[in-house]
Every structure is written in C-alpha cells, then in structure tokens.
Number of protein chains: 2
Amino acid sequence: MKIATWNVNSIRTRAEQVTNWLQANPVDVLCLQETKVVDRDFPRSPFEDLGYHLYISGQKSYNGVALFSQTPMSDVAIGFSSLLGDAVAEFDLQKRAIAATLEDVRIVNLYVPNGSAVGSDKYEYKLQWLQVLHDYLKATGDRTDKICICGDFNIAPDDRDVYRDTKDTDIMASPAEREALQTQILDLGFIDIFRKFHEDGGHYSWWDYRRGGFANNRGWRIDHHYLTPALRDRARHCAIDIAPRRLERPSDHTPVVLEL
Amino acid sequence: MKIATWNVNSIRTRAEQVTNWLQANPVDVLCLQETKVVDRDFPRSPFEDLGYHLYISGQKSYNGVALFSQTPMSDVAIGFSSLLGDAVAEFDLQKRAIAATLEDVRIVNLYVPNGSAVGSDKYEYKLQWLQVLHDYLKATGDRTDKICICGDFNIAPDDRDVYRDTKDTDIMASPAEREALQTQILDLGFIDIFRKFHEDGGHYSWWDYRRGGFANNRGWRIDHHYLTPALRDRARHCAIDIAPRRLERPSDHTPVVLEL
DNA sequence: GCTCTCCCAG
DNA sequence: CTGGGAGAGC
C-alpha cells in the first residue's frame with residue numbers, strides 16, 4: 001500500500017501538477033494539505049477522472065486537507081471533535097485534520113499549524129493544537145493499533161532535517177516544538193518511518209520560495225509519516241520525490257511516499 | 001512594411017504570448033496598448049532577444065503604450081505635449097500615446113480612453129481626449145503627409161463593427177463617440193484602412209471576457225489602422241488575426257496587421 | 001472574466 | 001516568493 005503526503009499550496013493552482021504526478025506515480029492514498037478551497041469549489045473531476053475517491057475538508061484561503069484513495073475508504077472523520085467531542089470544536093475551525101481507513105490501516109492526514117514566530121500567539125496555538133492532537137491520537141489508538149499519520153508537521157525533528165544549524169528561536173526547530181513532537185506524538189509509540197530507511201541528513205521536503213531556497217538547497221524535512229509499532233515492519237520504502245519541486249510554479253513542498 | 005496593433009492587457013502577463021506571436025508573425029512594427037507597467041519594470045529582454053528595438057511609455061496598473069520595431073525608429077515622441085506643449089500636459093498623465101518614424105512613415109500608437117458609461121466623467125474625458133488628439137494629429141500632419149495611426153480606439157465606427165444592433169447608450173457606439181471619431185480623425189483625411197479590404201460586418205478585434213463573449217462571437221472591431229491619403233494606395237492587406245484570442249489566458253483583444 | 005494593487009500568510 | 005482576498009477598472 002502506497003501512501004503519499006503533499007502540501008500542494010492551493011489545489012486549484014496545482015491541480016494539473018497533481019494529476020500529472022498521480023499518473024506517473026500511482027499511489028493508493030494521497031494526503032494533501034493546504035488545499036485552500038471550500039469543499040464546494042474543490043476541483044474534484046480531474047482526480048475522479050483518474051479513478052480516485054475524494055474525502056475533503058477545506059476552508060477559504062487557508063489550510064484545508066484532503067484524502068484521495070483509489071478504493072473507497074471507510075469511517076471518514078473530519079477534524080478532532082469527530083472523536084473528542086465538542087470540547088475541542090474550537091480546534092476544528094481551521095481545517096487541518098482528516099482521517100479514514102483503508103483495509104486495516106487508519107490513515108490520519110494532518111496540517112500542523114506553522115506557528116509564525118517563536119513566542120507569538122500562533123506559536124502558542126500550535127503547541128495547544130499539538131496537545132489536542134495527542135488526545136486525538138490516543139483516542140484513535142484505543143480503536144486500532146495500525147495507524148499511519150502523515151502530513152505537513154511544520155517541525156524538523158532534529159538538525160539533520162534542516163540545511164543549517166538551528167537556533168532556539170527558529171520556528172519549526174524550537175525546543176518547545178520538538179518537545180511537543182516528542183511528547184504528543186512519539187511518546188505514544190509513533191515512529192518517524194523515513195528514518196528507518198535514511199539515517200543521514202540532507203533529505204528535505206520543503207524549501208522556502210524566498211531568496212532562492214530551492215536553487216540553493218536550503219531545505220527542511222517537515223513532511224512526515226509516523227507509524228505505530230504494529231505497522232513498522234510492514235514499511236518497505238519511504239522516499240521524498242523532489243521532481244515536482246523542479247516544475248514551473250511549484251508548491252514549496254514536494255511529495256513524500258511511503259510503501260507499506 | 002507590416003504594422004500590427006495589439007491591446008495585450010498587461011505585457012507582463014502576456015510576454016510569452018507576444019514573443020510566440022512575433023516569432024510566427026514577424027512584423028516591422030508592433031504597437032501595444034494596456035501594457036500596465038512602469039518603464040523600469042517593462043520586460044524588455046524577451047523582445048530585445050528577438051531583435052526588436054523598444055520604445056515604451058507606461059504607468060502603474062493602467063494604460064501604457066509601446067512600439068517594437070525591427071529597425072531603429074526616429075523622432076520618438078511620448079504623449080501629446082511633445083508636440084502641443086504644456087497646455088495639454090494634463091492629458092499626458094495617462095500614458096496613451098507614443099509616436100515614432102520608420103522610413104517615411106510616421107506611426108502614431110494610441111490607447112483611446114474607454115469612457116466607462118455614456119454621460120459619466122470618464123466619458124467626458126474620452127471626448128475631450130479626442131479633441132486634443134485632433135490637435136495632435138493636425139500638428140503631425142503639418143510635418144508629414146505619410147501617417148499611420150493605430151491602436152485601441154474603443155469606438156466601433158458603425159454597426160457592422162458590433163455583433164449586435166447598438167443603442168445610443170452603448171459605450172463605444174454612442175452617437176457622440178462616433179461623431180468624435182468622424183470630426184477629430186476622419187475629417188482630417190484619415191482612412192479606416194481595414195475597410196479598403198473588407199466591406200462586410202462580422203470582423204471583430206475585441207470580445208468581452210464576461211459571459212462567454214468570445215465563445216459566442218459577441219465581438220467588436222475597436223482596434224484600427226488609419227492612413228493618410230498619401231499612404232492609402234500603399235496598403236496591400238489588413239487583417240485581424242484571431243488565433244491569439246483562442247489561447248489559454250488570452251488578452252481580450254487580438255492583433256490586427258496592416259501591410260504597406 | 002481577467003487585469004492590477006495592496007494586504008496577509010507561510 | 002507565491003498563495004488567496006478585496007476592490008477598482010474595463
């Protein structure tokens with residue numbers, strides 16, 4: 001089972017690149033982030049014409065997640081409150097989470113808040129959101145032991161995942177963000193499965209549009225797949241496909257593909 | 001000598017379409033309107049790389065005219081005050097006129113105001129602008145009898161030039177606009193040279209982007225070449241090239257080409 | 001509809 | 001740098 005994650009930075013702008021990529025790289029499930037469109041305006045037909053079933057949760061301008069699957073998925077759940085109830089409804093105002101099941105695998109597609117700047121209101125929101133995510137993953141784990149989380153985590157797990165040494169004030173690399181990744185996700189037993197196959201640095205999934213980030217390979221690995229131990233040994237391969245980042249008018253992220 | 005006119009509706013957005021068109025349709029002079037860019041930001045190199053010399057007069061967001069010539073032109077004059085003095089400086093705030101000489105032909109490239117709605121302030125400005133144009137063309141005629149005016153006139157000379165019957169309240173077809181075309185331009189002896197070659201209706205150079213104007217061929221012929229009698233017999237051909245209007249993300253206007 | 005500017009976000 | 005939005009202009 002191939003599961004890919006791609007922050008497309010607007011599905012309307014990127015629809016053609018995504019269909020081209022899917023034709024060259026058929027996957028069982030494609031997890032998209034930053035679709036930036038309300039469900040009613042989502043460009044469904046290019047993907048449905050390729051045979052994919054679409055499960056989407058979007059909003060105007062910002063955020064938005066989607067699951068494309070070659071076979072129908074079951075138990076589609078949008079947001080955190082689907083599992084945790086209205087207590088967390090406030091964290092579903094931004095469309096950042098969608099989950100569904102394919103065969104025996106629960107797939108959770110996430111767009112973790114960026115956080116803007118260390119210490120900002122958005123940074124505090126990111127850390128709170130990760131606390132809610134923890135509860136959500138725990139509740140998911142009560143139902144199944146075969147979970148694949150993937151998406152744009154907006155956190156580089158360690159400095160191998162960044163093109164340069166980081167400072168404590170670097171958003172996506174600050175101690176509190178990395179601690180949250182550890183506490184809220186890894187401590188539940190989830191494994192950053194890319195690292196099963198690649199121990200070295202220099203593998204990136206995002207390059208800033210600004211100041212020639214891609215031309216100078218100033219990248220970050222912030223798009224990940226996390227597996228529960230019950231799935232770990234089923235992982236055959238996990239790789240970043242840099243090709244879409246080389247296209248004209250690309251997303252700033254490129255796809256990461258896991259093969260189970 | 002081939003002289004083409006094309007309202008490109010932003011040269012930055014249309015640069016690639018214009019270079020492609022020039023490679024397939026080499027002309028001696030290309031007259032552009034609605035370049036929508038200040039001179040400093042004009043994309044010169046795609047056209048200079050094709051061997052054209054550029055003469056431009058642009059502003060931010062609106063209007064803007066340019067002349068591209070395969071051989072250098074002489075006596076480049078920007079605006080009306082170059083000929084009429086500071087008395088008309090107010091009509092040069094909007095960049096709508098540029099003229100230059102190739103061989104023995106004075107080429108005047110114009111972007112006539114649209115006028116918005118009959119009776120509006122912009123409509124009055126359009127009629128005043130055409131009065132100033134009259135003085136400008138008269139002064140030009142004092143210097144040479146071989147003049148080619150071309151550009152976007154935002155006036156359909158008669159109802160053959162519109163896809164439907166017009167009303168007196170139709171902008172671009174109102175009696176006062178057509179009267180101004182007659183008084184300020186035709187009465188000086190200028191000849192709408194397209195009509196030397198095509199007497200029938202149904203020839204259009206502009207289709208509104210809205211309501212499928214092009215798909216339904218709801219067009220207007222508002223882009224013209226006018227010649228002085230001394231040039232009339234040298235005109236070999238004048239035709240509208242509809243092909244660029246069929247491209248993806250086209251200008252709402254398509255080029256008109258005169259061969260002298 | 002499709003430009004443009006300016007603004008916000010990443 | 002590249003998204004989307006709003007409002008103006010045609």
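These numbers come from the heavy atoms of this one structure, side chains and all, not from hydrogens, waters or symmetry mates.
Across C:dG10, C:dT5, D:dG9, the shortest atom-to-atom separation from the side chain of A:Arg96 is found for C:dG10. The listed nucleotides are C:dT5, C:dG1, D:dT2; the one nearest the side chain of A:Tyr209 is D:dT2. Among the nucleotides C:dT3, C:dC6, D:dC10, the one closest to the side chain of B:Ser10 is C:dT3. Side chain of B:Ser116, nearest nucleotide from D:dC10, D:dG5, C:dG10: D:dC10. Closest contact between the side chain of B:Lys60 and the listed nucleotides C:dC6, D:dG9, D:dC10 involves C:dC6. Taking only side-chain atoms of A:Tyr111, from C-beta outward, the nucleotide of C:dG10, D:dG4, C:dA9 with the closest atom is C:dG10. Closest to the side chain of A:Thr13, from the set D:dC10, C:dT5, D:dG4, is D:dG4. Residue A:Arg210 has its side chain nearest to C:dG10 when only C:dG10, D:dG3, D:dG5 are considered. For A:Arg14, the listed nucleotide lying nearest its side chain is D:dG3; candidates were D:dG5, D:dG3, C:dG10. Taking every side-chain heavy atom of A:Arg12 into account, D:dG4 is the closest of C:dG10, D:dG4, C:dC6.
Rounded to an integer number of Å, the gap from CG of B:Asn7 to C1' of D:dG9 is 13 Å. As rounded to whole Å, 11 Å separates atom P of D:dC1 from atom CZ of A:Arg245. Separating the CD1 atom of B:Ile11 from the P atom of C:dC4 is a distance of 11 Å, rounded to the nearest angstrom. We find that CD of A:Glu248 is positioned 17 Å from C1' of D:dG3, with the value rounded to whole Å.
Between A:Asp161 and A:Arg195, at least one side-chain nitrogen of the basic residue sits less than 4.0 Å from a carboxylate oxygen of the acidic one, meeting the salt-bridge criterion. Remark: B:Arg178 does not engage B:Asp168 in a salt bridge, criterion side-chain N to carboxylate O under 4.0 Å. A salt bridge is defined here as a Lys NZ or Arg NE, NH1 or NH2 lying under 4.0 Å from an Asp or Glu carboxylate O, and B:Asp192 with B:Arg221 meets this definition.
How far CG of B:Leu50 is from OG of B:Ser45: 10.5 Å, rounded to the nearest 0.5 Å.
Mapping B:Asn9 and A:Asn154 onto DNA chain C by nearest heavy atom places B:Asn9 closer to the 5' end of the strand.
Checked by atom type and distance alone, the side chain of A:Asn154 pairs as donor or acceptor with a backbone atom of A:Val112 at under 3.5 Å.
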